[in-house]
Amino acid sequence: MKLLRKILLGDLWDGLKLTFRTQAPKNIYTEQYPAERPRVAERFRGAPRLNINPTNGETLCISCDLCAIVCPEKLIKVTSVRNPETRRKDLVKFTYDLSRCMFCGLCEDACPVDALELTQDFELAGYSREGAIWDRQMLEEGPHPQRFR
Amino acid sequence: MTETLLDANELVLNMGPQHPSTHGVLRVVLKLDGERVTGTDCVIGYLHRGVEKIGEHRTYAMFAPYVDRMDYLAAVSNGLGYCLAVEKLLNVTAPPRAQAVRVILAELNRIASHLFWLGTHALDIGAMTPLFYTLREREEVLKIFENYCGARITTHAFRIGGLYYELYDGFEAQVLAFCEMFERRVDEYETMLTENRIWVDRLVGVGILTAQDCKELGVTGPMIRASGLRWDLRKAQPYSGYEQYDFEIPTRTNGDTYDRYMVRIAEMRQSVRIVRQAVQSIPEGPQMAKVPKVIKPPAGEVYVSVEAPKGELGYFLVSDGTLNPYRVRVRPPSFVNLQALNRMARGALIADVVAIIGTIDIVLGEVDR
């Protein structure tokens, strides 16, 4: 029996049978990426966003600098001034160097007011290194993708 | 080896660093006598990023994402080993719930790592089909990781003291569905490879490593188990609650490339067994131990090792009582296993060197760090 199997190439036919069984169209696994948008997970860590209060458009950031302290790559720079009236810190500048970010999520964990958030946006390619350094406006509005045809 | 004089019929051949079957940027200088290899010399360091030095300039919590980037095919195991080391330094233990989830994710990562190894190893030998099937199943594991912690490869899934992320709804169901599907799929891989005559001819008797050799060279993981030694850190010094789970250590006796394939296949089945047991009994309770916000361990040093998919992954941390570690030393399994290449490849043919490099299961990110 073993000899017969060897002569009739039994092991190769077994493999081929399996290969052809997975040829059915319902077994196609490839994602058609640009045509069909992939659905990333809810907790996906992608492009950063600085959340704003939707009712009055003010930033949620309280300039506590915790994200900048906790960032392993030191890529977040927060600048603020003390407001003499409210005795609070007002956010002036917030830059986030995306080219060095490794999306570990530590800044997001550290934020006490959920202002900084890593979103599900994953298309971050750009044309220049400077474009990867996001300022406050970019972080609040999200990237503006350009289309070239 | 390079400075020795060559005979008239001897030849030195560079394999890599851009050779597709060196699995990254490994350069092997082969000394050849015709088609026979008489000696090998590994040139490493093309992917050196100085991870150990970076560790000295980061706080303990900050360094955790970096360890994922060493063995990027098994990032969860890397993170687990690092977290256990810092926890030992702080003298805390993760709560049972965190331990169970850690075991589930680490074992799923072992499956993913072995799947990627199987696909690429088969591709090196010349079987292209298994690559697509193994990556299809690996994708399912990566989806579980993505749902759990938001990243697929460099996960940063664990934190010092336990877990940061809660289990998402349907985690248990998704993991169990994967286990259900995966056991049949392992049978499929075996259909394609185990008895395939090309596969058998290319692997049996190639790259033999005896148990004695393994001990001398410090080889661990599936390689030492294929040589007949029943050595697995999950059983030998259980960590993260591995003593609760019922599983076997698969071993083989010949220590050749075929046996290492069989051991890894059997290990995937055992991992499914562990995952099943763990996911059906995830204890309730807290998932984070009491760890101070600013981690400042007392002065001292600690060595903790875990059974990563490739072998014993050890972390040696020295603390001088400040915020940053004084020294971080990693014992990477790929690096130590790679030095067995010379002993395995000597006397083999050039084509077998491809099979032998594949069977070690190296990740160059971990070799060079």
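All chains are named by letter (A, B, ...) in the order of the sequence lines, taking the proteins before the strands, and each is independently numbered beginning at 1.
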Is the CD atom of A:E42 crowded by more than 12 outside heavy atoms at less than 6.0 Å? no
Contact leader toward chain A among B:H156, B:M192, B:R159, where contacts are heavy-atom pairs under 4.5 Å: B:H156
Given that the side chain runs from C-beta out, which part of B:A64 has a heavy atom under 4.5 Å from chain A: side chain, backbone, both or neither? neither
Here the gap from A:R45 atom CZ to B:R152 atom CZ, rounded to the nearest 0.5 Å, amounts to 13.0 Å
Should we say atom NZ of B:K296 is surrounded by more than 12 heavy atoms from elsewhere, each under 6.0 Å from it? no
When rounded to the nearest 0.5 angstrom, what distance separates CG in A:L66 from NZ in B:K293? 9.0 Å
Side chain / backbone / both / neither for B:K143 at chain A, heavy atoms under 4.5 Å: side chain
Among A:L12, A:L16, A:V40, A:T19, single out the residue with the greatest number of heavy-atom pairs under 4.5 Å to chain B. A:T19
Using a cut-off of under 4.5 Å for heavy-atom pairs, which of A:G46, A:C104, A:G105 has the most such pairs with chain B? A:C104
Under a 4.5 Å heavy-atom cut-off, does chain B meet the side chain of A:L106, its backbone, both or neither? side chain
Rounded to the nearest 0.5 Å, how far apart are CG of A:D14 and CD of B:E190? 12.5 Å
Heavy atoms of other groups near A:Y33 OH, more than 12 under 6.0 Å: yes
Does OH in B:Y326 sit with more than 12 non-hydrogen atoms of other residues, nucleotides or ligands closer than 6.0 Å? no
What part of B:R136 gets within 4.5 angstrom of chain A, counting heavy atoms only: side chain, backbone, both, or neither? both
Sub-4.5 Å side-chain heavy-atom contact between A:I69 and B:M62: no
Would you call A:M102 and B:R69 a side-chain contact if the rule is heavy atoms closer than 4.5 Å? yes
Heavy-atom count around A:E31 CD within 6.0 Å, excluding the residue itself: above 12? no
Whatever's closer than 4.5 Å to a heavy atom in chain B on A:E73 counts as both
Do other residues, nucleotides or ligands put more than 12 heavy atoms under 6.0 Å from the CD atom of B:E180? no
Non-hydrogen atoms of chain A under 4.5 Å away: do they reach the side chain of B:Y148, the backbone, both or neither? both
Counting only heavy atoms not in B:D169, do more than 12 fall under 6.0 Å of its CG? no
What part of B:Y133 gets within 4.5 angstrom of chain A, counting heavy atoms only: side chain, backbone, both, or neither? side chain
CD-CZ distance between B:E166 and A:R43, expressed to the nearest 0.5 angstrom: 7.5 Å
B:T191 and A:K17, any side-chain heavy atoms less than 4.5 Å apart: no
Around atom CD of A:Q23, are there more than 12 heavy atoms from other residues, nucleotides or ligands closer than 6.0 Å? yes
Examine whether an atom of B:T194 lies under 4.5 Å from a heavy atom of chain A, and if so say whether it belongs to the side chain, the backbone or both; otherwise answer neither. neither
